[in-house]
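Worksheet for the structure shown next.
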2 protein chains.
Amino acid sequence: MDELGERKIKILDAIIRTYLETGEPVGSRTISKYTDLNLSSATIRNEMSNLEELGYIVQPHTSAGRIPSDKGYRFYVDHLLQNKDKEISDMKDFVIEHTERMENVLKQVARMLAQSTNYATMITSPKYSANKVKFIQLSQLDDNQLLAVIVMEANVVKNKMIPLEKPLDNETLLRLNVLLNSTLNGMSIPEINLATISKMKEQAGSYSDIVGVVLDAVAETISQEELEIYTSGATNIFKYPELSDSQKASELIYTLEEKQQLATLVSDSLSDESNTGIQVYIGNESPIQTMKDCSVVTATYELGEGVKGTVGIIGPKRMDYEKVMDSLKELTNQLDGIFKKPS
Amino acid sequence: MDELGERKIKILDAIIRTYLETGEPVGSRTISKYTDLNLSSATIRNEMSNLEELGYIVQPHTSAGRIPSDKGYRFYVDHLLQNKDKEISDMKDFVIEHTERMENVLKQVARMLAQSTNYATMITSPKYSANKVKFIQLSQLDDNQLLAVIVMEANVVKNKMIPLEKPLDNETLLRLNVLLNSTLNGMSIPEINLATISKMKEQAGSYSDIVGVVLDAVAETISQEELEIYTSGATNIFKYPELSDSQKASELIYTLEEKQQLATLVSDSLSDESNTGIQVYIGNESPIQTMKDCSVVTATYELGEGVKGTVGIIGPKRMDYEKVMDSLKELTNQLDGIFKKPS
DNA sequence: TATTAGCACTCCAATCAAATGAGTGCTAAC
DNA sequence: GTTAGCACTCATTTGATTGGAGTGCTAATA
């Protein structure tokens, strides 16, 4: 709200709102008519000229209307978009079916969000770094394979097949199971480091050779954290002419399909924590090059105890920030704790 | 090779081959020059006129060259594309990294295939209907949860969380495990029907109430066959102008993203088995409406014992059928048996 | 009788000019 | 400080023109 002056702000606000609706450059006459400022188009023109000099708006070409610059959008998001904390009553409720496989829940969430917003969406699996081991079991599958089943605190189950030279006898298997459970139980992933492992190898005593193989496999499985990213609604971008020419559409959809690049967004959004938990990247603010003509809004959802994931919406710069941010708030609220009670 | 006559066939062949390369309607003059027929353009014109009457080629508009009709492509694929069984030496080898998670292998295959062909690709997880149960284990996870781990013949592991009212004592658990393994071991999915289950409930005797819950959960888990479909290279369609206008591209990419519709292709391709295992759908021959401007080539891969999956390539009608079919053959060969030796 | 040369005709695609109109910037008056 | 008025700019649309590729048909040819 700095040195802009109230009138300029009102005009900027009007310009941006109008542009968000129409997607067309907006001219002085429109503003003069559709605001309660009672100023002639000429005056508006002067102010617009100023606003342009200050970098808030931009002319696509001489003698066209103005459109917001990245700086303009930024100002709008930071200052003009008052979060009026409106009642969520009229918000479409996110009916999340209670499937047990988290994967399916996430896919579903992405799809619903895409449908209700008409933008492209992404959601990551939660990062379980703070998650603890709850239960481990080794079973002899056949003569040369061992199956390790590991259950983490939030009922995340991991499986690992371990090849063996020769079968283990029952007693060894039992001991191993006891050893694994008693040592690793309640530990979180960062705590399971080399020191822990070598200590266990010591305790294993005479078996230490075979035990080593097993331990390494188990440790690897536990600590390997696959960050899955699910996207949906990629084709929604065709609804916005400014994104739907072959070139841009292709690049955008490619990044959504390939997903790796999206990971940068995630780490960004998880670390830099504003108080609301919602982050807005406008145009070049996004770390992803192909999204320079887009805006990305991300939010963090939390299932308690540092178990966090990211959900994001990708749309044109003139996206409906208000609706999008509300949707994300609502969604993260609902998502929070949905996995707490299993099934 | 019916009543077409050798010369007509040669001309048709030339037209299609030229069109496959250029993507432009091909005129009589081009054919007259680039074939060894030594016929003037006028003669070619007459023949083309005939071919058009017979429905093999089509004029986009008067006074343009001809392009193949669906019927023309069909003839080409059925009769002109002699599978010369060329040495696969010059084929780029599919280097499939040996990750243990099948999911990742499939994703990788789809991606590589898309990259090497420049078309969109899909691949399904194998259908395990004939697969047998190898190992089952129930574990008491905590006071009100049981974990069932089921391993199938091809080392496919399934997990299921079973909610309990009150914990089971050790003996019951042991008995259950024995019962499950002794009864279900070696059974394939279709064999596990209601009769089997109720018989087991009988055998369970006094526990039958609690056993029922567990059995149902296990049976459900085993029989629930999730047909996963992975796609890749959707944005490759932008490389073909005839597919890359907003409308078509959007619809196509949407079907690739949503995937459900692709399932119809799969069942089709698994059932109707030609001797080569390769199926070609040209334009409207495809069961999927949005692909009427595309051709789809599918192949079946088999991991032995009726464990089958489908892999497919989606491209413009003027795709390089020869290369595509070769690639698929090569791929299915490599894929066959890759999961036989675990890890 | 089959093939070919020649020519009129069609139609797409590219090019260009003029007309349109939304919007600006500037100046002079209020 | 605000406004009316006017000249100017420039993307977009429209229509007319042209060029070229290709066909279909007819008449000549082998």
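Numbers restart at 1 for each chain; the letters A, B, ... are given by sequence-line order, proteins then strands.
- Taking the side chain of B:His61 as heavy atoms from C-beta on, and the options C:dG25, C:dC11, D:dT9, the nearest nucleotide is C:dC11.
- Between B:Thr62 and C:dC11, a side-chain N or O to OP1/OP2 separation shorter than 4.0 Å is present.
- To the nearest angstrom, C1' of D:dG24 lies 15 Å from CD1 of B:Ile44.
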Solution key, residues 256-265 of chain B side-chain donor-acceptor pairs under 3.5 Å, sequence neighbours excluded:
from	atom 1	to	atom 2	distance (Å)
B:Glu257	OE2	A:Gly233	N	3.2
B:Glu257	OE2	A:Ala234	N	3.0
B:Thr264	OG1	B:Gln261	O	2.7

Please list, pair by pair, any protein nitrogen or oxygen found under 3.5 Å from a nitrogen or oxygen in nucleotides 13-22 of chain D.
none

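- In this structure, the CG atom of A:Leu39 is 11 Å from the P atom of D:dA4, given to the nearest Å.
- Taking atom CD1 on A:Ile67 and atom P on C:dT24, their separation rounds to 13 Å, with Å as the unit.
- Under the 3.5 Å distance criterion, with hydrogens and angles disregarded, a donor-acceptor pair is assigned to the side chains of B:Ser28 and B:Arg45.
- A:Glu47 has its CD atom 15 Å from the P atom of C:dC26, to the nearest Å.
- The CD-C1' distance, from B:Glu24 to C:dC11, rounds to 16 Å in whole Å.
- With sequence neighbours left out, the ring-ring contact (aromatic ring centres under 6.0 Å, His included) criterion links B:Tyr119 to B:Tyr240.
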Got a list of protein N/O to nucleotides 27-30 of chain D N/O distances below 3.5 Å?
none

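- Taking the side chain to side chain contact (heavy atoms under 4.5 Å, CB included) definition, one finds that A:Gln247 meets it with A:Asp245, A:Glu251, sequence neighbours left out.
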All N/O donor-acceptor pairs, side-chain side in residues 64-72 of chain B, below 3.5 Å, sequence neighbours left out:
from	atom 1	to	atom 2	distance (Å)
B:Arg66	NE	B:Glu52	OE1	2.9
B:Arg66	NH2	B:Glu52	OE1	2.9
B:Ser69	OG	B:Gly55	O	2.6
B:Ser69	OG	B:Tyr56	O	3.1
B:Ser69	OG	B:Lys71	N	3.3
B:Ser69	OG	B:Gly72	N	3.1
B:Asp70	OD1	B:Lys317	NZ	2.8
B:Lys71	NZ	B:Leu54	O	2.9

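- Here A:Thr22 pairs with nothing under the side chain to side chain donor-acceptor pair (under 3.5 Å) rule; sequence neighbours left out.
- If you check C:dT4, C:dT3, D:dT23 against the side chain of B:Arg7, the one that comes closest is C:dT3.
- Note: CE (A:Met48) to C1' (C:dG25) measures 13 Å, nearest angstrom.
- Annotation: side chain to side chain donor-acceptor pair (under 3.5 Å) contacts involving residues 283-295 of chain A, sequence neighbours excluded, comprise A:Arg74-A:Glu285, A:Ser295-A:Tyr321.
- Proximity of A:Thr43 to the phosphate of D:dT3: a side-chain N or O atom is located under 4.0 Å from OP1 or OP2.
- Within the structure, no pair that satisfies the salt bridge (Lys or Arg N to Asp or Glu O under 4.0 Å) test touches residues 24-36 of chain B, not counting sequence neighbours.
- We find that A:Arg318 and A:Glu242 are joined by a salt bridge, their nearest charged nitrogen and carboxylate oxygen being less than 4.0 Å apart.
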